[in-house]
Amino acid sequence: MTHTIIALIAEYGLLLVFLNVLVEQAGVPVPAVPTLVVAGALASAGKLPLVAVIAVALIACLISDLAWYWAGRHYGATVMRTLCRISLSPDSCVKQSELRFQRWRGQILLIAKFVPGLSTIAPPLVGAMKLRPHVFVWFDSLGSLLWIGVVVGLGYAFAHEIDRVLMALASAGTLAVEFLAALLMAYVLLKWWQRRRLLLALRLARISVDELHQLIQEGKAPIVVDVRSQASRLIDTRVIPGALMADLRGIDQELNHVSIEQEVVIYCSCPNEVSAAKAAKGLLMQGYRRVRPLLGGLDAWADAGYDIGQLPLSEQVDLSEATIVPGHVH
């Protein structure tokens, strides 16, 4: 049984490596690391060409990543919202990636494949930021090659141990498959439970876009605050007219001139208004009494057909002119 499995992987190994890496980088939750580790072990035994394994994995990474980069470059905000909604951690996936991007810029691609969730998010994110294509290809190729080299190298270096694992899995038969499926199900349930607990903890009275619009029409406009990250505003330059721009972590300082009796409405563009709810909860703890997140956020306001403004050019950054300098992106 074990020898049959190894023979199949040896015969179709390059094709399996290509397809597995391709679909994983496209966003399908089918881990490619086990396949690459086994391929490295088979290369150590002379059953697969090592250079070819690395090459086909690199090509698969570039195909998927370039497709996401193109999608992000042409449909930035829409693509990022879609990825955020289908993620197992939709309330933090894009937010964390944006914060990393603000720190790393294009060089985020060098470490993206080593960070769960960031591998799929990074290419469309830098595409939406208008990182120049040749800069993207350079950093993405280096990052992909580094990731592939580490994973395949582990399989190559520990080939004997990998062979024992394959034999154990073959002996276990369907029991091993059922165990792995149970682990995956447990992971999904854990993420769902964490998300539900977060939403229950942040449950606050929300204001609808219709209510906010009516207050504005009646001349009773509250203080409206945009708590999206800088990177998020670069991707989606729409704003509710008159909104204050504030960082989620420093919103209390941005509003230190506002009376605690003033009504404040906070919006973001993440699912379930989690960033807005966190900001509202923080302000309530600071003594503000009339703070509410906007139900549906910026998207709900735009979908309702209400006025939309655009960020001034001074607050927009274009990375299309980024050039490569050793260790930096300018």
Side-chain angles (χ1 to χ4, degrees), residues 76-77 80-81 83-84 87 89-108 115 117-118 121-122 125-126 128-131 198-199 201-202 204 206-207 212 221-260 262-302 308-319 329:
M80 298 309 294
R81 285 196 297 269
L83 282 173
C84 200
S87 168
S89 300
D91 304 320
S92 60
C93 65
V94 174
K95 190 76 173 179
Q96 293 174 352
S97 301
E98 288 167 351
L99 292 174
R100 292 189 183 101
F101 178 82
Q102 288 174 214
R103 187 179 305 116
W104 288 71
R105 300 291 172 176
Q107 295 174 79
I108 192 175
V115 182
L118 185 59
I121 296 292
L125 178 61
V126 298
M129 299 297 184
K130 307 300 182 186
L131 187 71
L198 174 63
L199 292 177
L202 296 176
L204 296 167
R206 288 160 165 77
I207 182 173
L212 175 59
I223 301 294
V224 180
V225 185
D226 183 320
V227 293
R228 294 176 298 159
S229 68
Q230 180 186 6
S232 182
R233 295 185 194 123
L234 293 176
I235 296 173
D236 187 350
T237 60
R238 301 174 304 164
V239 292
I240 294 178
L244 298 177
M245 303 296 111
D247 184 84
L248 179 60
R249 291 169 294 184
I251 186 172
D252 55 332
Q253 298 175 0
E254 297 287 345
L255 297 182
N256 59 9
H257 63 286
V258 176
S259 168
I260 61 174
Q262 173 70 49
E263 183 170 13
V264 179
V265 172
I266 305 175
Y267 75 85
C268 60
S269 56
C270 52
N272 298 294
E273 310 87 47
V274 170
S275 292
K278 287 181 177 179
K281 188 173 182 180
L283 288 178
L284 289 171
M285 293 177 65
Q286 293 290 328
Y288 288 84
R289 300 175 183 177
R290 303 170 63 197
V291 184
R292 289 190 286 175
L294 180 62
L295 182 62
L298 181 60
D299 290 335
W301 179 268
I308 283 289
Q310 294 291 328
L311 285 171
L313 292 176
S314 60
E315 296 189 34
Q316 299 181 28
V317 177
D318 187 354
L319 298 183
V329 179

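The side chain to side chain contact (heavy atoms under 4.5 Å, CB included) test with Pro222 is passed by exactly one of Val264, Val291, Leu212: Leu212.
Side-chain atoms of Ile240 and Leu294, non-hydrogen and from C-beta on, do get closer than 4.5 Å to each other.
The side-chain contact (heavy atoms from CB on, under 4.5 Å) search around Ala246 returns Val225, Ile251, Glu254, not counting sequence neighbours. The side-chain contact (heavy atoms from CB on, under 4.5 Å) check on Leu244 picks up Ile223, Leu255, with sequence neighbours excluded.
Comment: Arg238 does not engage Asp226 in a salt bridge, judged by the lack of any side-chain N to carboxylate O separation of less than 4.0 angstrom.
Side-chain atoms of Tyr267 do not come within 3.5 Å of backbone N or O of Trp301 as any donor-acceptor pair. Looking only at distances, no side-chain donor or acceptor of Arg233 sits under 3.5 Å from a matching main-chain atom of Met245.
Separation of atoms CG (Asp299) and CG (Asp236) is listed at 7.0 Å; rounding is to 0.5 Å. Note that CD1 of Ile266 is 4.5 Å distant from CG of Leu283, once rounded to the nearest 0.5 Å. Taking CD1 of Ile207 as the reference point, atom CG of Leu295 lies at 10.0 Å (rounded to 0.5 Å).
The two atoms that bring Ile260 and Gly287 nearest to each other are CB-O, 3.7 Å, heavy atoms only. What you find for Cys268 and Ala276 is that their closest heavy atoms are SG-N, 3.6 Å.
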Quiz item: Between Val239 and Arg228, is a side chain to side chain contact (heavy atoms under 4.5 Å, CB included) present by the stated rule, with each step listed?
Solution: CA-CA 10 Å; Val239 292; Arg228 294 176 298 159; 3.6 Å; yes
